[in-house]
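Everything on this sheet refers to the single structure shown next.
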Amino acid sequence: MDEQVVVVALQEQKVYSRPRALTAETTNYCPGCTHGLINKLIAEVIDELGIQENTISVSPVGCAVFFYRYLVLDGVVAPHGRAPAVATGIKRMLPDRVVITYQGDGDMAAIGMSEIVWTAMRGENITAFFVNNANYGMTGGQMAPTTLAGQVTTTSPQGRDVETMGMPTRMAEMLAGLPGSAYVARCATYDARTIRDARNAIRLALRAQMAGAGFSMVEFLSSCPTNWGLSPQEALQWIKQTMVAYYPLGEFKVSEAVQRLKAKR
Amino acid sequence: MDEQVVVVALQEQKVYSRPRALTAETTNYCPGCTHGLINKLIAEVIDELGIQENTISVSPVGCAVFFYRYLVLDGVVAPHGRAPAVATGIKRMLPDRVVITYQGDGDMAAIGMSEIVWTAMRGENITAFFVNNANYGMTGGQMAPTTLAGQVTTTSPQGRDVETMGMPTRMAEMLAGLPGSAYVARCATYDARTIRDARNAIRLALRAQMAGAGFSMVEFLSSCPTNWGLSPQEALQWIKQTMVAYYPLGEFKVSEAVQRLKAKR
Amino acid sequence: MPKGRIVIHVEACKGCQLCTSVCPSGLIRMSASFNRKGYRPAELVDPTGRCTGCALCAMICPDAAIEVYREAKVKPHAAPPVEEVVVIVTEPA
Amino acid sequence: MPKGRIVIHVEACKGCQLCTSVCPSGLIRMSASFNRKGYRPAELVDPTGRCTGCALCAMICPDAAIEVYREAKVKPHAAPPVEEVVVIVTEPA
Amino acid sequence: MQTSVVIAGFGGQGVLFAGLILAYAAMDKELYVTWYPSYGPEMRGGTASATVVLGDEEIGSPVVRHPDIVIAMNGPSFRKYEPLVKPGGMLFYNASLIADAGTRTDIRYVAVPANAIAAEIGDTRVANAVMVGALAAVTGILPLEALVETVERHMPPARRAMVFPNQEALRRGAQVVAGLGQPVAS
Amino acid sequence: MQTSVVIAGFGGQGVLFAGLILAYAAMDKELYVTWYPSYGPEMRGGTASATVVLGDEEIGSPVVRHPDIVIAMNGPSFRKYEPLVKPGGMLFYNASLIADAGTRTDIRYVAVPANAIAAEIGDTRVANAVMVGALAAVTGILPLEALVETVERHMPPARRAMVFPNQEALRRGAQVVAGLGQPVAS
Amino acid sequence: MAKELLKGNIAIAEAALRAGVDAYFGYPITPQTELLEHMSRRMPELGRVFLQAESEIAAINMVYGAACTGAWAMTSSSGPGISLMQEGLSYIALSDVPAVVVDIMRGGPGLGNIQPSQADYNQLTRGGGHGDYRCIVLAPATVQEAIDLTVLAFDLADKYRAVAILAGDGLIGQMMEPAELPPMRQRSRTPPPWALTGARGRPPNSITAFSIAAETLEAMNWQLQAKLQRIREREVRYEAWLTEDAELLVVAFGSVGRIAKTAVREARAYGVRAGLIRPITLWPFPYAPIAQAAARVKAVLVVEMNAGQMVDDVRMAVCGQAPVHFHGRPGGSVPVPEEILERIMTLSKEG
Amino acid sequence: MAKELLKGNIAIAEAALRAGVDAYFGYPITPQTELLEHMSRRMPELGRVFLQAESEIAAINMVYGAACTGAWAMTSSSGPGISLMQEGLSYIALSDVPAVVVDIMRGGPGLGNIQPSQADYNQLTRGGGHGDYRCIVLAPATVQEAIDLTVLAFDLADKYRAVAILAGDGLIGQMMEPAELPPMRQRSRTPPPWALTGARGRPPNSITAFSIAAETLEAMNWQLQAKLQRIREREVRYEAWLTEDAELLVVAFGSVGRIAKTAVREARAYGVRAGLIRPITLWPFPYAPIAQAAARVKAVLVVEMNAGQMVDDVRMAVCGQAPVHFHGRPGGSVPVPEEILERIMTLSKEG
Ligand SMILES: Cc1ncc(C[n+]2csc(CCOP(=O)(O)OP(=O)(O)O)c2C)c(N)n1
Ligand SMILES: Cc1ncc(C[n+]2csc(CCOP(=O)(O)OP(=O)(O)O)c2C)c(N)n1
Ligand code: SF4
Ligand code: SF4
Ligand code: SF4
Ligand code: SF4
Ligand code: SF4
Ligand code: SF4
Ligand SMILES: [Mg+2]
Ligand SMILES: [Mg+2]
């Protein structure tokens with residue numbers, strides 16, 4: 001080692017800070033809700049890819065309705081469930097911008113089913129971030145499409161009865177099955193490894209869009225400590241132990257074009 | 001042979017007549033349109049199963065809007081695409097009745113995507129008949145979700161461009177992939193064999209419903225001579241030679257319960 | 001070969017010609033005159049009694065305009081299997 | 001072991017305790033006092049300098065309330081691989 | 001002065017196109033004109049009609065309850081419109097398909113064997129133009145030559161092959177009513 | 001006569017429940033009463049308030065701009081509602097969390113160390129009931145014993161364990177203001 | 001039955017149960033969600049049908065289907081969801097089947113917010129969907145009235161085979177008040193003769209909002225109009241208070257009606273002879289009573305929790321007999337008695 | 001340019017192209033489908049955006065998205081589809097982005113039929129969606145006017161950042177008439193400063209129909225109302241014909257306006273001094289001109305192709321100065337000059 005390196009070794013380096021693409025505003029999310037974490041991860045990747053000035057967001061109706069205020073992006077709030085249609089309108093006008101939607105499970109999988117299926121089906125070149133917290137968070141914890149079998153919510157007081165309500169919806173699998181989707185993955189954020197994987201999935205989804213590969217979607221198993229009646233840590237454990245069993249993590253669709261991107265890194 | 005048999009052998013027997021469940025009314029379908037044939041097949045199976053007085057129909061908005069007048073059934077016309085929701089409302093009130101919807105490809109796969117997916121997802125115990133004629137017939141031949149790649153319609157004058165409109169929708173495959181569906185098949189009616197298969201699929205779908213097995217759906221590749229600009233025979237040939245290549249015939253989902261039914265006959 | 005006969009309901013027919021295209025013996029042709037809806041209905045032309053009552057024409061008719069009759073040895077409970085030909089021995093509603 | 005240090009933005013913290021649960025050395029605890037929003041913010045209690053700057057706490061913080069500093073041999077262009085720890089060497093917006 | 005014409009028949013009989021010939025010719029003559037289609041409940045092949053109103057002043061209603069002139073291409077249209085023709089008006093009918101006899105005394109009937117003439121020309125699809133030719137000759141609301149020119153001028157490129165048969169049909173329609181003699185004045 | 005009370009604080013401080021104690025007690029006393037909640041923009045944990053209006057005649061508005069009485073459970077609520085209290089009204093505040101000093105001379109301030117008292121009872125969640133007890137004792141709009149009974153009568157089965165701590169909190173709240181002496185009459 | 005402290009939303013749900021609702025289909029939306037939640041527990045308890053739909057569009061169409069079987073079916077929502085139901089409502093209106101819809105109005109337009117509002121007035125009373133139709137619209141001012149009008153909504157929907165809408169605002173849905181619920185009604189569940197139940201031993205029934213020919217669709221429309229006319233003639237409901245000697249007439253509905261009452265009372269205390277008409281049926285609108293009251297006053301003040309919607313109906317009723325003034329608060333703000341009083345006092349000085 | 005024989009739907013589509021529309025999103029529905037079809041061919045030819053949406057809901061939300069980028073976006077439909085767009089329209093209205101919607105009205109309610117109608121009047125002029133908003137509504141009576149008003153719709157939508165609706169009826173959409181198209185406009189495509197284009201070198205823009213706090217949403221609403229008031233003051237358009245000396249005033253819009261003209265002309269021939277006001281802007285409605293004309297007449301006759309909707313606006317305008325009569329044909333029937341003339345003659349005898 002030469003002298004110069006030793007000197008430098010004493011320097012303190014900032015290794016983690018608030019991403020630039022995140023505004024200074026405190027979010028309205030409840031304490032420990034991973035909505036915030038997912039917002040942050042998206043901001044980090046936007047910083048990393050240097051696309052903050054080139055990206056337009058479409059916020060949902062749901063706990064993330066303020067997404068447009070949390071990210072330093074041009075943005076619009078779509079009617080409940082219609083974010084993919086609004087995003088389509090934007091992207092068709094501005095094909096060289098990155099267009100992202102951020103949607104809850106009620107928003108995307110219930111009222112917005114048609115719009116997301118059609119956006120995937122047409123292979124619209126946008127990226128949808130899908131936050132699956134197994135209930136309608138914002139309205140106070142009603143049963144969502146993704147509510148697990150037997151899970152108690154304010155509208156399934158006896159637990160979700162799959163006889164009358166069907167099995168929970170696996171959006172990643174469903175959208176992966178459509179010809180227009182290029183990249184579909186399901187992630188979680190309950191520990192360092194899953195957070196890293198989530199960030200990688202976000203990155204790949206956005207790179208897919210930037211490469212014009214078609215529709216990309218990243219599903220996140222997300223916590224809702226408030227409506228689940230759990231502490232934030234317990235909520236993460238519940239995701240890990242209970243949700244993942246029904247909603248396996250991983251990549252469900254990697255089109256050839258995306259495969260090539262992935263190889264390139 | 002004894003004498004008696006010889007005598008009887010001279011008797012003329014009626015081996016094919018208009019099904020009882022079909023009204024005397026002349027349909028509004030164009031000459032040679034297989035909508036009529038499919039209506040007839042459904043009526044035949046209803047006769048056969050003896051369920052005419054126990055069945056309620058939900059008609060679509062499309063060329064088949066008068067379905068309720070062609071079959072001797074209690075019936076209602078649903079708003080465009082919403083037949084599955086209307087049928088759900090009926091079936092939840094009258095679980096012991098047979099409830100059927102009859103929908104075109106625009107009706108079910110475009111505007112009604114959310115309702116059909118959700119009805120399948122919940123495993124509503126109804127039967128959906130899906131008439132795929134690769135265009136919006138009633139409104140004069142616009143591109144439908146099912147329009148084939150490159151197919152010219154009044155709104156795809158250069159042929160369907162899959163780059164901007166995505167690949168044609170395969171509803172049978174998609175609905176078969178959902179947990180709540182019990183029986184899903186795709187049929188055609190271009191010759192005696194496919195007609196017989198179609199009738200069998202209709203029968204099995206209705207028997208599945210009668211047995212409470214869950215959601216059943218039969219897709220028909222159907223002709224639209226008028227908007228395709230073909231003669232009725234040419235239209236059947238086009239189905240056989242062109243449509244079937246993209247829309248394979250067969251059963252896409254036979255749940256265990258239906259498998260058992262099938263074995264029973 | 002069994003002997004058969006078909007009856008075409010002139011006013012129900014839309015002249016689509018699907019029946020003519022499927023008759024194995026080419027026994028159906030289109031009439032020269034119009035029905036009330038303005039279509040030329042199909043008609044059976046079977047002077048030599050070649051119709052077998054196979055019902056292919058009736059099966060494909062989208063307008064349920066054709067009835068088929070067949071001379072047959074009537075064994076009680078021996079209707080043709082439903083999977084092959086629909087046997088619905090009633091009058092139209 | 002590298003030496004590290006974290007800064008918690010008191011007003012951004014919602015007291016969710018996720019950071020306390022992930023710190024391998026248990027160096028974070030909740031403050032006794034409230035911030036302006038009424039939460040008890042997290043605070044670093046590291047009298048013996050055991051923080052390694054591993055950034056696990058910051059990674060999991062849903063409110064981006066934690067910044068992490070680490071003493072390191074600075075080789076030019078040798079930032080830790082992004083796949084492992086996000087290195088975004090800028091100030092918050 | 002305004003004249004209203006309804007052309008009615010089966011969907012396949014080209015009644016909308018027959019109306020268009022009149023409408024284009026009127027426009028080319030710088031008259032006011034409106035053309036309005038209507039379809040029956042059938043998807044295709046049912047009944048259809050076109051209403052054309054033309055004249056030398058701004059046109060109010062493009063639909064009329066009692067048309068001045070009706071062209072009936074088939075039996076159902078004849079029966080539907082016969083009672084609706086305005087007293088003093090005219091009913092042109094396709095005698096090739098319509099056997100009915102007229103029952104009103106306050107309108108004029110003009111029988112034109114349009115299908116037969118069209119068949120002679122070699123294309124039954126131009127029976128509609130035969131009727132229009134007859135109408136022009138009898139009523140004089142538009143000169144025959146204007147109609148003939150209009151067909152040439154406005155036929156879309158894809159259907160250029162139909163120009164001549166249509167022109168021929170217009171002329172033959174005019175001839176045949178001339179042959180039949182002028183209808184009685186009412 | 002009608003009295004309006006606003007109880008405001010962080011979402012977790014039980015302000016809606018505190019309002020319910022008042023509302024139920026008023027109902028049990030056969031008074032007219034309305035209870036109306038309001039939430040801040042946060043999903044949870046933000047600010048919340050309950051407005052209770054009670055009296056012996058039909059109640060018009062269940063919302064008020066200038067309440068007679070305010071219970072402020074935290075600093076932001078104190079600052080938001082201090083200027084809104086009706087002249088001559090009262091502001092009860094949770095002195096455990098609020099250091100601010102009152103600035104108005106036309107209203108009465110009553111400081112109650114609610115969190116501290118609740119902690120003594122063994123459950124900081126009943127700080128809300130401490131404030132309600134204080135309010136009852138000072139204003140007399142409802143007798144303390146009515147509130148105590150109400151808690152017993154209307155606590156939902158799942159939360160029966162909270163009956164006693166709440167009753168205790170009501171009593172201690174009443175005591176502590178008695179200890180502080182009657183507030184000055186305005 | 002004794003009075004209970006009831007939240008408006010819960011009271012409405014429970015009243016619907018007791019009136020005899022057979023089926024509930026709905027989707028969450030603030031400030032109405034407690035209604036859905038209450039139903040999710042109570043309907044299965046009673047062996048009736050509850051289904052959380054995937055959207056408001058599905059919900060209204062499930063209501064349509066259920067209603068076709070002769071059942072009493074209902075849904076509930078708020079502004080954005082009600083907008084999505086307009087196509088379905090238009091179908092139901094021409095189909096002659098009964099249905100009950102609850103709208104707990106919130107701040108709009110668009111996503112707006114979740115605060116109380118009355119800004120769906122036009123949408124509800126004018127038939128926000130396409131075509132010529134109206135729905136019966138009932139606006140409660142108290143939790144007790146919300147209960148009573150819920151029961152009435154079912155009875156009217158059933159009687160006229162029409163859509164009856166309970167137009168609550170966020171205040172009514174979210175507030176609690178002592179109120180008395182009716183006893184559980186024992187309703188005959190024999191399907192009416194027009195219902196779809198399977199054509200057993202009778203010719204098939206069909207239900208449509210459709211007729212291809214202009215003449216027949218016109219006839220259906222005139223039939224519908226005749227029914228609406230009967231409703232106009234028979235079902236107008238309103239509260240008039242201190243109007244006999246009033247020199248200033250206040251018109252307000254729903255929760256603003258009760259808020260205005262306080263202002264009117266206070267105005268009287270200041271010596272201003274104010275009076276109040278509170279329309280209870282927003283459709284059919286009480287044109288005649290307002291016209292009569294207006295004949296005697298110097299001015300009319302319309303107060304709404306919106307930017308001015310019912311005021312058009314009042315103008316039509318008053319028909320130039322007195323100036324019509326408007327005071328409104330859109331976007332989720334609630335007009336309080338103080339500001340209404342202020343307007344009354346200013347107007348009384350002007351007059 | 002010379003006159004061409006143009007079908008209303010095609011004329012509107014082509015006029016939109018020439019006015020400078022950047023994007024079209026739509027879904028088939030009779031009697032408007034030719035408009036969509038024309039766009040499917042012409043937009044790609046011009047390098048602009050055409051997308052057949054999967055539904056009207058998707059279409060209006062695609063319009064919303066495209067409009068957010070500063071583009072001129074449009075959709076077209078008929079009754080049922082317009083009903084489905086109500087939520088989206090309500091969002092757009094509060095978002096301050098421009099959009100153009102064409103409604104070629106057909107018989108309703110429900111599925112109704114495909115014959116001409118004017119029964120969406122209330123839905124279009126009252127904001128069929130939730131919340132306090134209005135759209136600019138323009139009603140052409142001829143194919144030429146359909147062209148001119150289409151261009152105007154874009155200009156007004158752009159000027160006020162509002163929704164402008166072209167309210168055609170099935171007659172206008174389906175009929176052909178000689179008309180002249182404007183030349184292709186060369187429009188600047190620089191996005192306006194509020195547009196979403198990526199926050200390059202400026203703080204982010206956001207577009208919402210949303211504000212959680214009542215105060216801020218109220219402020220947004222008052223801003224919207226102020227804009228609507230400006231439109232009311234500046235953009236009223238109507239045609240008055242023979243009203244100067246009229247003793248009987250006919251009010252009718254769109255195609256019925258022209259039909260009524262024939263009746264008025266004929267009435268004059270019979271010596272009855274009839275006159276016509278034809279509102280061109282249905283919103284803002286020409287209250288003042290109607291009020292003025294009504295001051296001089298013995299009776300007012302409103303004729304509509306529905307069961308009576310605009311008649312309420314006319315009543316408000318006339319405000320008791322003369323009796324207001326109504327003649328209407330709902331469900332797809334077209335009122336012909338003969339029947340209007342008959343009403344005029346009867347009224348003139350009565351008066
Ligand atoms: C048309 C319409 N229906 C319903 C609502 C009410 N609403 C607001 S947020 C929401 C659900 C949000 O749940 P989800 O999408 O899962 O998001 P989360 O809050 O759980 O993140 C609903 C139903 C609405 N705003 N608009
Ligand atoms: C909400 C709504 N949108 C559009 C229409 C117009 N419309 C009537 S039928 C139809 C399409 C029918 O196509 P399809 O479902 O494929 O049935 P087909 O006629 O081909 O059998 C459409 C779009 C409508 N009636 N309602
Ligand atoms: S309600 Fe649930 S999802 Fe919404 S912010 Fe709170 S914890 Fe997160
Ligand atoms: S338009 Fe096509 S689908 Fe419709 S009836 Fe005619 S041939 Fe059949
Ligand atoms: S029954 Fe068979 S043989 Fe006879 S006419 Fe029909 S197809 Fe021909
Ligand atoms: S198949 Fe039927 S409708 Fe077609 S021509 Fe033959 S008989 Fe007539
Ligand atoms: S950086 Fe690592 S060691 Fe330091 S406080 Fe955070 S988690 Fe603990
Ligand atoms: S994880 Fe963040 S918000 Fe949660 S306690 Fe730690 S610093 Fe505070
Ligand atoms: Mg959710
Ligand atoms: Mg189709």
Worksheet item: Should G:Met62 and B:Val86 count as side-chain neighbours, where that means a heavy-atom distance under 4.5 Å?
Response: no
Worksheet entry | Point-to-point distance, once rounded to the nearest 0.5 Å, from CZ of G:Phe25 to CZ of B:Arg92 | 7.5 Å
Worksheet item: Heavy-atom distance under 4.5 Å to chain B: side chain of G:Leu51, backbone, both or neither?
Response: side chain
Practice prompt. Working to the nearest 0.5 Å, report the span between CD1 of B:Ile90 and OH of G:Tyr64.
Written response: 9.5 Å
Discussion item. Side chains of G:Ser55 and B:Trp118, heavy atoms from C-beta outward: is any pair under 4.5 Å?
Written reply: no
Worksheet item: So which part of B:Thr119 gets closer than 4.5 Å to some heavy atom of chain G, the side chain, the backbone, both or neither?
Response: neither
Worksheet item: Do the charged groups of B:Asp74 and G:Arg200 touch, with an N to O distance under 4.0 Å?
Response: no
Discussion item. Among B:Val98, B:Asn54, B:Leu73, which residue has the highest count of heavy-atom pairs closer than 4.5 Å to chain G?
Written reply: B:Leu73
Item to complete: Could you check whether the rings of B:Tyr68 and G:Phe210 sit parallel, tilted or perpendicular, using 30° and 60° as the cut-offs?
Response: perpendicular
Worksheet item: B:Arg97 versus G:Thr69: any side-chain heavy-atom pair under 4.5 Å?
Response: no
Worksheet item: Non-hydrogen atoms of chain G under 4.5 Å away: do they reach the side chain of B:Ala78, the backbone, both or neither?
Response: backbone
Fill in: Rounded distance [0.5 Å steps], CZ in B:Phe66 versus OG in G:Ser206
10.5 Å
Worksheet item: Which answer fits B:Val61, side chain, backbone, both or neither, if we ask what part of it has an atom under 4.5 Å from a heavy atom of chain G?
Response: side chain
Fill in: Under 4.5 Å from any heavy atom of chain B - which part of G:Arg202
side chain
Practice prompt. Would you check if the side chain of B:Glu53 reaches a backbone N or O of G:Gly201 as a donor-acceptor pair within less than 3.5 Å?
Written response: yes
Discussion item. Distance check, rounded to the nearest 0.5 Å: G:Arg189 atom CZ versus B:Met93 atom CE?
Written reply: 8.0 Å
Discussion item. If I measure from the heavy atoms of chain G, does B:Leu94 come under 4.5 Å with its side chain, its backbone, both, or neither?
Written reply: side chain
Fill in: Side chain / backbone / both / neither for G:Ala195 at chain B, heavy atoms under 4.5 Å
backbone
Fill in: Under 4.5 Å from any heavy atom of chain B - which part of G:Thr197
both
Discussion item. Walk me through whether G:Leu196 and B:Val76 qualify under side chain to side chain contact (heavy atoms under 4.5 Å, CB included).
Written reply: CA-CA 8 Å; G:Leu196 308 184; B:Val76 54; 3.7 Å; yes
Worksheet item: Considering all heavy atoms of both residues, which atom of G:Ala58 and which atom of B:Glu115 are nearest to each other, and what is their separation?
Response: N-OE2, 4.3 Å
Item to complete: Using a strict 4.0 Å threshold on nitrogen-to-oxygen distance, state whether B:Arg122 and G:Glu54 make a salt bridge.
Response: yes
